[in-house]
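Report on one structure; see the data block that follows.
Reckoned from all heavy atoms, side chains included, excluding hydrogens, waters and symmetry mates.
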Amino acid sequence: MGKAVASLTRPLILQSKLLCFSLFYLFAALFLVFYSSLSSHCLFRSSPFDPIQAPLFSYPSSYGEHKYALPTLRSSCSSPASFSDYTWVLKEIQEFCKNSSHKEDSTLRYMQGNLDSFGGSFSTEKRISYFNHENHQMEVPCGFFKNFPISDSDRMAMESCNGVVVVSAIFGDHDKIRQPKGLGSQTLDNLCFFMFVDDITLKGLEKHNLISRNSREYKIGAWRIVKVSTENLYDNPAMNGVIPKHLVHRLFTNSKFSIWIDAKLQLVVDPFLLIHSFIVVKNVDMAISKHPFFVHTMEEAMATARWKKLWDIGALRDQMETYCENGMQPWSSKKLPYTSDVPDTALILRKHTMTTNLYSCLLFNELEAFNHRDQLAFAFVRDQMNPKVTINMFEVEVFEKIVLEYRHNLKHGGPTSSLPKTKRASPEVFINGSYHSKCQRYLLDMWGESHD
């Protein structure tokens, strides 16, 4: 009887471990929110800025363009971005685009012809032979060995975009179309937004009454929608998305700057401010965010295998073998001013120079040869090519302030569900067998165990 009375007098909070854990989680979350509110900001503007406040497009509730937003947890910023006055930036970039010519770009000659694949399917030896571009008369393979089927009206609109273009793509209906935020009052009149989609995605837009199939041209808010017939391109929708992502200079031949943004992202800073701050002020060819976790290419390869971002682990191992055999090295201070070997390629800012265009061509050739995971080939091409491309690799904290990230559409079944499944890989797949002999030095240097 006494024990029963004692148990009844215990505080309720001590009788439930779940309740204790919940309260701990609540207080921890409140602390993080409070700490974040006191931390330094990653974006600075030198003058007041009055962006467009009205929504660019009203979506039906069924479309759910803002479902599954991913929270950002980084509360500090070691290298903030500073933006100049919007009006002044707009004028400066417009003057640059007006006064620049394609004389420099004309030194990059593209290989022409009709081949069995869009990119030509060149051998490793052949691809690497184009890395040294001292001979400017040499033709470079850069895709388009098959037709990129779009309408004539879309092609004319792309050719008329002669300043800054923002490009995205949705193939396989894997994402939603999200409108940019934070645009200046004159941005839509002086900048192009193009979204490439396939027929499956187009049917989804029609289902939600976002477009009408009776229209000859499609527009959703800021985005001009370009339908691509993918029947004769790649079986993998992700590879079809690589075409506008990395060959944007070939699709928009008169543009001087471009911003690629994955469809899972929503831009929340004006594109002119981004181009000026990250490209013009830094005087670089490209700007891209560092990866939030990895510095070495092999780290990204191991994560790709571990989390089944690619099912064909053997092909992934062959890719790393090939790169190790042809001079790939882990990141070290010797690679400065490059501060990492692994970027987050969801957002890429480019100035369309000969060097940038060459890098994009060489990178695309690697993606066709192996897979669409561009982070795996990023540093290998960058380090091996000549002339060198200049890159501003900004901090992850800045990336999280200039875009919002959302989850991909949830798919049940579909083309990827029929792919053969493999056992989840571990890092051991990269250090066993013959592979070990080809990448042993890389791994030892990466882990700091080399004594030579």
Side-chain angles (χ1 to χ4, degrees), residues 102 104-111 119-145 242-243 245-250 257-258 260 278-279 282-291 295-298 300-301 319-345 348-393 439 442:
H102 279 42
E104 181 185 16
D105 292 352
S106 66
T107 59
L108 190 61
R109 300 173 181 268
Y110 302 119
M111 188 179 295
S121 297
F122 295 94
S123 66
T124 299
E125 182 179 5
K126 191 69 173 177
R127 297 195 312 274
I128 292 178
S129 71
Y130 296 105
F131 280 26
N132 189 347
H133 196 67
E134 291 183 347
N135 178 11
H136 289 183
Q137 301 302 313
M138 179 176 63
E139 292 184 341
V140 177
C142 195
F144 294 91
F145 293 107
V242 163
I243 297 173
K245 181 175 185 177
H246 289 292
L247 300 184
V248 59
H249 63 286
R250 298 215 59 190
F257 298 94
S258 67
W260 165 266
F278 295 161
I279 298 288
K282 299 293 185 180
N283 192 27
V284 294
D285 297 313
M286 293 174 54
I288 195 167
S289 170
K290 298 178 184 178
H291 193 280
V295 174
H296 306 293
T297 300
M298 197 66 75
E300 173 64 22
Q319 180 181 13
M320 294 297 100
E321 267 189 341
T322 300
Y323 290 169
C324 285
E325 197 171 13
N326 287 279
M328 183 177 73
Q329 300 292 330
W331 185 88
S332 70
S333 59
K334 296 178 182 178
K335 291 192 177 186
L336 291 173
Y338 302 133
T339 53
S340 174
D341 279 355
V342 187
D344 187 331
T345 60
I348 308 174
L349 294 84
R350 299 180 179 97
K351 179 181 178 182
H352 290 188
T353 65
M354 184 275 288
T355 307
T356 312
N357 296 345
L358 175 63
Y359 176 77
S360 298
C361 293
L362 299 175
L363 182 60
F364 176 82
N365 295 338
E366 294 304 308
L367 303 185
E368 193 199 56
F370 292 107
N371 57 72
H372 66 276
R373 301 292 300 177
D374 46 12
Q375 294 160 308
L376 300 174
F378 172 84
F380 176 72
V381 174
R382 180 200 66 189
D383 295 344
Q384 300 292 326
M385 70 176 286
N386 179 37
K388 295 297 184 185
V389 60
T390 56
I391 304 177
N392 169 22
M393 297 193 74
C439 280
Y442 183 105

Geometric class of the His249/Tyr110 ring pair [parallel <30°, tilted 30-60°, perpendicular >60°]: tilted
Please find the pair of heavy atoms, one from [X] and one from [Y], that lie closest to each other, and give the distance.
X	Y	answer
Gly119	Asn365	O-OD1, 4.3 Å
Cys361	Pro141	CB-O, 3.9 Å
Tyr323	Leu376	CE1-O, 3.6 Å
Ile243	Phe364	CG1-CE1, 4.1 Å
Pro330	Tyr442	N-CE1, 3.1 Å
Met298	Cys439	CE-SG, 4.0 Å

[X] [atom1] to [Y] [atom2] distance, which is reported to the nearest 0.5 Å:
X	Y	atom1	atom2	result
His246	Leu367	NE2	CG	5.5 Å
Thr390	Arg382	OG1	CZ	12.0 Å
Leu247	Leu363	CG	CG	9.0 Å
His291	His296	NE2	NE2	13.0 Å
Met138	His133	CE	NE2	5.5 Å
Leu108	Gln137	CG	CD	11.0 Å

Do [X] side-chain atoms and [Y] backbone N/O form a donor-acceptor pair below 3.5 Å?
X	Y	answer
Arg250	Cys142	yes
Gln375	Pro343	yes
Arg127	Phe122	yes
Lys245	Thr345	yes
Tyr359	Phe378	yes
Gln319	Phe370	no
Asp341	Trp331	yes
Ser360	Thr356	yes

Surrounding [atom1] of [X] (heavy atoms of other residues, nucleotides or ligands, distance under 6.0 Å), is the total greater than 12?
X	atom1	value
Lys282	NZ	no
Lys126	NZ	no
Asn386	CG	yes

Between Asp285 and Thr355: side-chain donor-acceptor atoms closer than 3.5 Å: no
Polar contact flag, side-chain donor to acceptor under 3.5 angstrom, Gln384-Asn326: no
From CA spacing to verdict: side-chain contact (heavy atoms from CB on, under 4.5 Å), Lys334, Gln329: CA-CA 10 Å; Lys334 296 178 182 178; Gln329 300 292 330; over 6 Å; no
Ile288: which of Asp344, Asn392, Leu349, Ile391 passes side chain to side chain contact (heavy atoms under 4.5 Å, CB included): Ile391
Stepwise side-chain contact (heavy atoms from CB on, under 4.5 Å) test for Met286 and Ile348: CA-CA 7 Å; Met286 293 174 54; Ile348 308 174; 3.9 Å; yes
For Ser340, side-chain hydrogen bond (donor to acceptor under 3.5 Å, both in side chains) partners two or more places apart: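 Checked Ser340 against side-chain hydrogen bond (donor to acceptor under 3.5 Å, both in side chains); zero matches.
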Beyond-backbone contact of Ile279 with Phe257, side-chain heavy atoms, under 4.5 angstrom: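 Of all side-chain heavy-atom pairs linking Phe257 with Ile279, at least one is under 4.5 Å.
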